[in-house]
Amino acid sequence: MRFDIITIFPEIFSEVFDFGIVRRAVETALIQINVHDLRDFTFDRHRQVDDRPFGGGAGMVMKPEPLFRAVEAVIGDESDANVLLLSPQGRLFDQATAAKYAKEQRLLLICGRYEGIDERVVENLITEEISIGNYVLSGGEIPAMVVVDAITRLIPGALGCEQSAERESFSNGLLDYPQYTRPADYRGKSVPEVLISGNHAEIERWRRRKAIEKTLRRRPELIRDRILSESEQRELESVLKNIDEAETNKGT
Ligand code: SAH
């Protein structure tokens, strides 16, 4: 997978991508990240990338010419390239979108700044606008880091242990189960007995149950949107029954 990022602040990325899973993915050539300075695609003395908005109003808008030139230079004649714009107006980025893009060979990410970018760029060059959440940031660089990180972890071989990605929150439509590590007893707080029982079937069941309980409590809409397997359905019913009983007991 090759990521290309177009930005006016290329230096921002070096440190962030130089750690952990992303760094290892670069070192093992699973991914390649090329960061391009938008100002290299300007021709004027001031290397200007922004200008005042037509029609007036506050702030500056990113000019079309440097962005057109940059995108054309980076994708060449690849007409089916994925050109993503980070934008608060885009579709909300989630694990399913990350998984979809993890199957691609190339992604070009464009980071906006100021009040955003000239709409002609959006209409003519962008294949999808992606938002990382319902809030406005000052630039697309942090969102681009989020997107590259989330996608990279899903590329086969990026995580040490292949199972980890499958089991994580959202991957199977549920939040992750609670995790514990040594010591088994810390300041009088002990880890759930079942996890040190060595009974793998019981551990599996406990984890399934905890994942369902947690998801139901915190993100019930995830459960609504998902088809449960038979064993998960059984667990869900039993969790719901327990909640019911607890409610009834409270009432009496
Ligand atoms: N005036 C614009 C916001 C500009 S914010 C509007 O109201 O839509 C400047 C840049 O930050 C955007 O061009 C985009 O690249 C980036 N950005 C801000 N918030 C974002 C978000 N939630 N997700 C992705 N990118 C975002």
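Whatever order the structure lists them in is the order used to number ligands and atoms, beginning at 1.
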S.K.: Atoms of ligand 1 less than 4.0 Å from P143 heavy atoms?
M.R.: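 Heavy-atom distances to P143 below 4.0 Å select 24 (C), 25 (N), 26 (C).
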S.K.: Scan for ring-ring contact (aromatic ring centres under 6.0 Å, His included) pairs involving residues 5-29, sequence neighbours excluded, and state none if there are none.
M.R.: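 Applying ring-ring contact (aromatic ring centres under 6.0 Å, His included) to every pair that reaches into residues 5-29, excluding sequence neighbours, yields F13-F17.
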S.K.: Which value, rounded to the nearest 0.5 Å, describes the distance between D4 atom CG and L84 atom CG?
M.R.: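 Going from CG on D4 over to CG on L84, the span is 11.0 Å.
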S.K.: Could you find the nearest protein heavy atom to atom 14 (C) of ligand 1 and give me its residue, atom name and distance?
M.R.: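 Scanning the protein heavy atoms, the shortest distance from atom 14 (C) of ligand 1 goes to L86 O, 3.1 Å.
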S.K.: Below 4.0 angstrom from a heavy atom of G133, which ligand 1 atoms are there? Numbered from 1 as shown, please.
M.R.: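 Result: 22 (N).
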S.K.: Rounded to the nearest 0.5 Å, what's the gap from CD1 on I130 to CG on L107? Could you check?
M.R.: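 It is 8.0 Å, given to the nearest 0.5 Å.
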S.K.: Can you tell me which portion of I130 lies within the under-4.0 Å heavy-atom range of ligand 1? Options are side chain, backbone, both, or neither.
M.R.: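 For I130, the contact with ligand 1 is made by the backbone alone.
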S.K.: Specify the protein heavy atom at minimum distance from atom 22 (N) of ligand 1: its residue, its atom name, and the distance to 0.1 Å.
M.R.: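 Going atom by atom, the protein heavy atom closest to atom 22 (N) of ligand 1 ends up being Y135 O, 2.9 Å.
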S.K.: When you look for heavy atoms under 4.0 Å from ligand 1, do you find them on the side chain of Q89, its backbone, both, or neither?
M.R.: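 The part of Q89 near ligand 1 is the side chain, not the backbone.
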S.K.: Determine the sole option in E237, E235, E230 for which the side-chain hydrogen bond (donor to acceptor under 3.5 Å, both in side chains) test with Q233 is passed.
M.R.: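 Exactly one option meets the side-chain hydrogen bond (donor to acceptor under 3.5 Å, both in side chains) with Q233, and it is E237.
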S.K.: Could you tell me the residue and atom name of the protein heavy atom closest to atom 24 (C) of ligand 1, and the distance to it rounded to 0.1 Å?
M.R.: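 The closest heavy atom on the protein side is S87 N, 3.3 Å.
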S.K.: Step through the shown structure and confirm whether more than 12 heavy atoms of other residues, nucleotides or ligands are within 6.0 Å of CZ on R2.
M.R.: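 Correct, the count exceeds 12.
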S.K.: Within a distance under 4.0 Å of any heavy atom of S131, pick out the atoms of ligand 1 and give their elements.
M.R.: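 So the atoms of ligand 1 that pass are 22 (N), 23 (N), 24 (C).
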S.K.: May I ask you to identify the nearest protein heavy atom to atom 2 (C) of ligand 1, giving residue, atom name and distance to one decimal place in Å?
M.R.: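 It is E115 O, 3.4 Å.
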S.K.: Give me the nearest non-hydrogen protein atom to atom 19 (N) of ligand 1 as residue plus atom name, then the distance to 0.1 Å.
M.R.: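 Atom 19 (N) of ligand 1 sits closest to the protein heavy atom L137 N, 2.9 Å.
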S.K.: Just by distance, do the side chain of T215 and the backbone of A211 share a donor-acceptor pair under 3.5 Å?
M.R.: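 Yes, the answer is positive, given that a donor and an acceptor are paired below the 3.5 Å cut-off.
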S.K.: Under a 4.0 Å N-O cut-off, is there an ion pair linking R23 with E27?
M.R.: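 The answer is yes: the pair qualifies as a salt bridge.
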S.K.: Among all protein non-hydrogen atoms, which one is nearest to atom 23 (N) of ligand 1, and what is the separation to 0.1 Å?
M.R.: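 Nearest protein contact, heavy atoms only, for atom 23 (N) of ligand 1 is I132 N, 3.1 Å.
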S.K.: Could you tell me, atom by atom, which parts of ligand 1 come under 4.0 Å of a heavy atom of G140?
M.R.: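 Contacts of ligand 1 toward G140, numbered from 1: 11 (O), 15 (O), 16 (C).
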S.K.: Are a donor atom and an acceptor atom from the side chains of T152 and D149 found within less than 3.5 Å of each other?
M.R.: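 There is no such pair (donor and acceptor under 3.5 Å, judged by atom type) between the side chains of T152 and D149.
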S.K.: Tell me: protein heavy atom nearest atom 9 (C) of ligand 1, and distance?
M.R.: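 Answer for atom 9 (C) of ligand 1: Y114 O, 3.3 Å.
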S.K.: Using a 4.5 Å cut-off on heavy atoms from C-beta on, say whether the side chain of M60 contacts that of R52.
M.R.: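 A side-chain contact exists here, since the closest heavy-atom pair is under 4.5 Å.
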S.K.: Quick check on I117 - does any of its heavy atoms sit under 4.0 Å from an atom of ligand 1?
M.R.: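 Per 4.0 Å heavy-atom rule, I117 does not contact ligand 1.
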S.K.: Given P88, G59, G139, G112, which has its nearest heavy atom closest to atom 13 (O) of ligand 1?
M.R.: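 When every heavy atom of P88, G59, G139, G112 is considered, G112 comes closest to atom 13 (O) of ligand 1.
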S.K.: In terms of side-chain geometry, is the basic nitrogen of R47 or D40 positioned less than 4.0 Å from the acidic oxygen of its partner?
M.R.: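 Salt bridge between R47 and D40, a charged N being under 4.0 Å from a carboxylate O: yes.
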